[in-house]
Amino acid sequence: MNINQAKTILSQRRAWLVVPTLVVTAVAAVVVCVLPPTYQASAKLLLEQRDRALAVMGTDVAESSQLTSLTRTGSPLETEMEVLKSDPIVTRVIQKLDLQHPTKHRQLQPDEFLAKGKVTVMKSTDIIEVAYGASDPEKAQRIANTWVSVFLDDNRNSLHQAAKHATTYFNAQLAKTQAELTQSETDLMAYKQRHGAVDVAEESKAYIQDLSTVEGDQRQAEAALREAQMQAQALQAKIGLSVPAALSAAALAQSSTMRALREQLVAAQSNPVLTRLQPDHPDVKAAQAQVATLRRQLAEKATELLGHQLTAGEATSELDPIRQGLTQELIKAQVTALSAQTRVDALRTMGSGARKRLANLPGQSFELTRRERTAQILSDRYKLLSKRLDETRINDASETGNIRVVEMAGFPVEPSSLHKLPRLALGGFAGLLLGLCMAFGREFLDDSLKSVEEAEPLLGMSLGLVPWQEMAADAVLTTHFRPQSVEAQAYRNLAFNLSLVAGNGGCRAYVFSSAGPGEGKTTTVANLGIALAQAGKKVLVVDADMRRPTLHLSYGLASMPGLSSLLQGTKVLAEVLQRGPAPNMHVIGAGPLPLNPEALLGSPAFVRLLEIAADHYDVVLFDAPPLLAVPDARIIAERVKGLVYVARLGKVSRRASQQVLALMRASNLPILGSVLLGLKPHTDGFYDAYVLDYRRELLTP
């Protein structure tokens, strides 16, 4: 929609624009004059950045579901504003002040209260402004302050309830955490006592030092063992002990007594105190004395066994002193080798145990660290819960909330309502908007053809464009009474265009019809007949509407006798002809209304009428009934082959015109063109320039 189209719509629908504007403005004026002034009292509240929900680190969120929660996706200011406007708060204010409806004799409803109240946030601050308007300034002040007081009480109560729930929760969590902490510390102490692990680094250092000492002693014992074995072999070679010496050695190795003494010696030599304590320690000396005693007992038992293993001959034989010394040396060497072997075995056992304990230290270290960390976490949680419990009790005892009053409502001296003139302007603007909506809404709901631009694509070629005619006494026959008017010129243009369509042939007959009644077809035929006659044509105008005839009224002639009389044969042509208002022009009225007009129009008498008219007249014009109502116009069009469709802009609907075109196509009857009536100067862009220029010429002397 362009500006010209909008101007056209507003001009055509100006009543829909003007009436709502005037009505709403008048109502606004009445309201301004009748309503009393409004006084508004306002208080200010500051929202402090304090969390109303008490969060607990290290606790289960589900267990703290009793605590008050805030939605972190929204603004705390918006949350408090919604609380201020909530039904419970507003209802308590209404009940506390017993606020009554001014006309319905009942208490106010929350929505009625909020209609006069206002809760806003001051720009770029955390301050909420609570305002209430009333015709009584003292009442406005009292309501605003009561509203704030009720909200503050609710805020403190909610914080008290939150603190109460939090205290219960913290007490339960403290008892649970204390029990867990006690059990964890007990388990840690038992683990340290069971494994003797106090300092993992010191334990590792001691085990490595012990292992190094044992490995050094083992190497020395192995060297001593090899030395004793080599000495025994040398002594055996010198004294020539073969079988008896071997048997004696086997006896020494297989004897249960010797085995028991050997195991005791191994156990005594494996005592850890020999390597971990200082040599002058009493326990070390006692252990060394035990080892010496066992070695002496082992030597005595070996000597005893060797003496009993000798044969009789060998026992009685005398040995020289050298062999006797060597034999004693051999016995000592065997004892030394046996003792060295025992020490080697003991040191190997000690080294294996030290390596095993050293290998187990990492696992013990990890378990010890885990237990210590668990105990530390429980200890920290216990401290945090104790601190939060103390804070909750202190906050609850202090009765402080997160809302602080900045300013209570004062007594409003000046009314806060708008002045009368701005209210009137606002009412007029609202009326104008309503009028615009109604005007354009009526336009869009209107299905009628409103302009040439809309009509021509649908109806085809326009033979004539006739502007709006003022409803004066001479408006019907404007071509006769006002020949210099724009409307008369439009009818003369129609006559000229019609002659161009007809060509240079003989008489042409045209039937004029419309979609429905009241669209101007009779006025068009009456003025066109005069325009053709003024142009020097012999014209016959026939009122073919034998149902509701009106053409004779336009000319001021009689309706009877007329066409029905001629077609029924009761009258001849000369008896029904009447002179028109212009020279060379005759008119035939409709005549008496017949029962079957369509039968008369389809009779041979009508064909003879056309033949006679063709011999005596240049142009014959038929005024026919509406096309959508009866078939009369189509019957005539089938005879004359020239139908002109008359459409009044703003009255004929688009759908009706489409039905007319479909009906003519179905009857295989052509439409010569259309005549568009009802163009309004200065409103239709297609016609505006022509009207202005032409009227300017007419007014020029």
Side-chain angles (χ1 to χ4, degrees), residues 463-467 469 474-502 506-514 519-546 548-559 562-563 566 573-574 576-591 606 609-610 612-625 632-633 636-637 639-640 642-646 648 672-677:
L463 297 176
L465 304 175
V466 181
Q469 299 184 55
D474 57 353
V476 175
L477 292 181
T478 183
T479 54
H480 178 70
F481 294 105
R482 293 187 298 170
Q484 298 301 320
S485 66
V486 175
E487 292 80 4
Q489 181 59 42
Y491 285 117
R492 285 193 286 271
N493 288 337
L494 173 60
F496 178 74
N497 293 335
L498 197 63
S499 64
L500 292 179
V501 173
C507 174
R508 294 300 304 266
Y510 305 95
V511 56
F512 288 77
S513 184
S514 60
E519 295 190 30
K521 59 180 179 57
T522 300
T523 302
T524 299
V525 172
N527 283 277
L528 180 60
I530 295 175
L532 290 170
Q534 290 174 349
K537 303 287 185 180
K538 289 184 178 182
V539 182
L540 175 63
V541 180
V542 182
D543 189 352
D545 188 352
M546 293 180 286
R548 298 177 61 182
T550 57
L551 182 63
H552 64 284
L553 299 177
S554 300
Y555 289 132
L557 303 175
S559 176
L563 180 61
L566 178 62
L573 181 61
V576 298
L577 288 176
Q578 301 182 68
R579 286 203 171 270
N584 302 323
M585 178 181 178
H586 290 94
V587 180
I588 299 177
F606 185 75
L609 173 62
L610 292 176
I612 295 172
D615 293 336
H616 295 83
Y617 297 95
D618 298 322
V619 180
V620 180
L621 304 179
F622 290 93
D623 179 18
D632 299 7
I636 300 174
R639 298 287 189 271
V640 302
L643 185 140
V644 178
Y645 180 66
V646 179
R648 180 174 174 179
L672 293 180
S674 62
V675 178
L676 302 180
L677 281 71

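All values derive from a computational prediction rather than experimental measurement.
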A.B. asks: Please report the interatomic distance CD1(Ile612) to CG(Leu566), rounded to the nearest 0.5 Å.
C.D. replies: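 Result: 7.5 Å between the selected atoms.
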
A.B. asks: What residue among Leu621, Leu643, Val644 forms side-chain contact (heavy atoms from CB on, under 4.5 Å) with Val511?
C.D. replies: Leu643

A.B. asks: Could you give the distance from OG1 (Thr479) to CD (Gln489), rounded to the nearest 0.5 Å?
C.D. replies: 11.5 Å

A.B. asks: Does the side chain of Met585 reach to within under 4.5 Å of the side chain of Ile530, using non-hydrogen atoms?
C.D. replies: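 Yes; the side chains approach each other to less than 4.5 Å.
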
A.B. asks: Find out whether Tyr491 and Gln534 are in side-chain contact, i.e. whether some heavy atom of one side chain is under 4.5 Å from a heavy atom of the other.
C.D. replies: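 No; the side chains remain at least 4.5 Å from each other.
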
A.B. asks: Keeping the roles fixed (side chain from Asp618, backbone from Lys537), state whether a donor-acceptor pair exists under 3.5 Å.
C.D. replies: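 Here the side-chain-to-backbone pair does not exist.
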
A.B. asks: Are the side chain of Lys521 and the backbone N or O of Asp623 linked by a donor-acceptor pair below 3.5 Å?
C.D. replies: no

A.B. asks: Measure across Val587 and Gly580 and return the closest heavy-atom pair with its distance rounded to 0.1 Å.
C.D. replies: CG2-CA, 4.1 Å

A.B. asks: So, do Tyr510 and Leu528 sit near enough that their side-chain heavy atoms are less than 4.5 Å apart?
C.D. replies: no

A.B. asks: Looking at every non-hydrogen atom in both residues, tell me the closest pair between Pro467 and Val486 and how far apart they are.
C.D. replies: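 Taking every non-hydrogen atom into account, CG-CG1, 3.9 Å.
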
A.B. asks: Picking from Ile636, Thr522, Val525, what satisfies side-chain contact (heavy atoms from CB on, under 4.5 Å) with Phe512?
C.D. replies: Val525

A.B. asks: Is Val640 close to Val620 at the side-chain level, that is, under 4.5 Å between some pair of heavy atoms?
C.D. replies: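 SC-SC contact between Val620 and Val640 ruled out.
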
A.B. asks: Rounded to the nearest 0.5 Å, what's the gap from CZ on Arg508 to CG on Leu672? Could you check?
C.D. replies: 6.5 Å

A.B. asks: I need the minimum non-hydrogen distance between Gly589 and Gln578, along with the two atoms involved.
C.D. replies: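 The pair with the smallest heavy-atom distance is N-NE2, 4.3 Å.
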
A.B. asks: Not counting sequence neighbours, which residues clear ring-ring contact (aromatic ring centres under 6.0 Å, His included) with His586? List them please.
C.D. replies: Tyr617

A.B. asks: Kindly indicate whether the side chain of Ser514, heavy atoms from C-beta on, has any atom under 4.5 Å from the side chain of Arg648.
C.D. replies: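 Ser514 vs Arg648: side chains apart.
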
A.B. asks: Is any side-chain heavy atom of Arg548 closer than 4.5 Å to one of Thr550?
C.D. replies: no

A.B. asks: What's the spacing between Asn493 CG and Leu463 CG if we round to 0.5 Å?
C.D. replies: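 Here the interatomic distance stands at 11.5 Å.
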
A.B. asks: So, do Val466 and Thr524 sit near enough that their side-chain heavy atoms are less than 4.5 Å apart?
C.D. replies: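 Sidechains of Thr524 and Val466: no contact.
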
A.B. asks: Evaluate the criterion side chain to side chain contact (heavy atoms under 4.5 Å, CB included) for residue pair Asp545 and Asp632; output intermediate values, then yes/no.
C.D. replies: CA-CA 8 Å; Asp545 188 352; Asp632 299 7; 5.7 Å; no

A.B. asks: To the closest 0.5 Å, what do you measure between CG (Leu540) and NE2 (His616)?
C.D. replies: 11.0 Å

A.B. asks: Does Pro625 offer a backbone N or O that forms a donor-acceptor pair with the side chain of Ser513 under 3.5 Å?
C.D. replies: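 Yes, Ser513 side chain to Pro625 backbone: donor-acceptor pair under 3.5 Å.
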
A.B. asks: To the nearest 0.5 angstrom, please state how far the CG atom of Leu532 sits from the CZ atom of Phe496.
C.D. replies: 12.5 Å

A.B. asks: In sequence, state the C-alpha distance, the side-chain angles, and the governing distance for Ile588 and Leu573, and then conclude on side chain to side chain contact (heavy atoms under 4.5 Å, CB included).
C.D. replies: CA-CA 9 Å; Ile588 299 177; Leu573 181 61; 3.9 Å; yes

A.B. asks: Over all heavy atoms of both residues, which pair between Ala526 and Leu551 is shortest? Give the atoms and the distance, please.
C.D. replies: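 In this case the closest contact between Ala526 and Leu551 is CB-CD1, 4.0 Å.
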
A.B. asks: Restricting to non-hydrogen atoms, name the atom on Val646 and the atom on Glu519 that form the minimum distance, rounded to 0.1 Å.
C.D. replies: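 Smallest heavy-atom distance, with atoms named: O-OE1, 3.6 Å.
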
A.B. asks: Does Asn527 reach the main-chain N or O of Thr478 with its side chain, forming a donor-acceptor pair under 3.5 Å?
C.D. replies: yes

